[in-house]
Amino acid sequence: MTVPKKYFHDRLVLLLLTADAFFAVVVSIWVLLRLNADKSIVYVVSYRPTNKANVFKHGNSLGILAFIFFAFFQLAFNILLSIKVYGIRRHFSLAILAMTLLLIILALVVSNSLLIVR
């Protein structure tokens, strides 16, 4: 895969890449700081509202660490997708990077709210 010559010279692309990477690191640091080292702690890993009484699904810390994996997977996959699309349409590439920022920020918000409920 070849990177278009103008891709890393585009200031808006660099801004979005920097913001995406920054928030992916923020998600990982935030989740790791909020986790306890104690293995016996049970975390809420999902919220599924139904008519049943128990709407919180419990699990171990691997369910919460999946948010870190999600943030970095989205970062890597969408950067590669953005590079491929940049040669065709610059605006689509910028939209992909902007949606990546939105997804990573949503991962931060959801992981924070699940760690608070714990």
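Just so it is clear, the values below take in all heavy atoms, side chains as well, and ignore hydrogens, waters and symmetry mates.
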Going through the distances and angles, do K6 and D10 end up as a side-chain contact (heavy atoms from CB on, under 4.5 Å)? CA-CA 6 Å; K6 295 181 180 180; D10 192 342; 5.9 Å; no

Same cluster (ILVMFWY, side-chain, under 4.5 Å), [X] and [Y]:
{"X": "F22", "Y": "L33", "result": "yes"}
{"X": "L102", "Y": "I68", "result": "no"}
{"X": "L97", "Y": "V26", "result": "yes"}
{"X": "Y86", "Y": "L14", "result": "yes"}
{"X": "L80", "Y": "V3", "result": "yes"}

Rounded to the nearest 0.5 Å, how far apart are [atom1] of [X] and [atom2] of [Y]?
{"X": "F23", "Y": "L106", "atom1": "CZ", "atom2": "CG", "result": "11.5 Å"}
{"X": "W30", "Y": "L115", "atom1": "CH2", "atom2": "CG", "result": "9.5 Å"}
{"X": "T2", "Y": "K84", "atom1": "OG1", "atom2": "NZ", "result": "9.0 Å"}
{"X": "I83", "Y": "I96", "atom1": "CD1", "atom2": "CD1", "result": "11.0 Å"}
{"X": "Q74", "Y": "L81", "atom1": "CD", "atom2": "CG", "result": "10.0 Å"}

Would you mind telling me which of L16, L17, L15 makes a side chain to side chain contact (heavy atoms under 4.5 Å, CB included) with V13?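 In the set L16, L17, L15, the residue that makes a side chain to side chain contact (heavy atoms under 4.5 Å, CB included) with V13 is L17.
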
Measure from the side-chain N and O atoms of D20 to the backbone N and O of L101, and report whether any donor-acceptor pair falls under 3.5 Å.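 Yes; at least one donor-acceptor contact below 3.5 Å.
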
Minimum heavy-atom separation for G87 and P4, please, with both atom names. N-CG, 4.1 Å

Grab the two heavy atoms, one from F67 and one from A107, that are nearest each other, plus how far apart they are.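 Nearest pair, atom of F67 first, then A107: CD2-O, 3.8 Å.
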
Please tell me if the side chains of I64 and R34 come closer than 4.5 Å, counting only heavy atoms from C-beta onward. no

Apply side-chain contact (heavy atoms from CB on, under 4.5 Å) to the pair S111 and F70, showing each step before the final yes or no. CA-CA 11 Å; S111 65; F70 174 77; over 6 Å; no

Please determine whether side-chain contact (heavy atoms from CB on, under 4.5 Å) holds for the pair L35 and L65, giving the CA-CA distance in whole Å, both sets of side-chain angles, and the decisive distance to 0.1 Å. CA-CA 9 Å; L35 287 178; L65 290 175; 3.4 Å; yes

Criterion side-chain contact (heavy atoms from CB on, under 4.5 Å) on I105 and V27, from CA distance to verdict: CA-CA 8 Å; I105 290 173; V27 167; over 6 Å; no

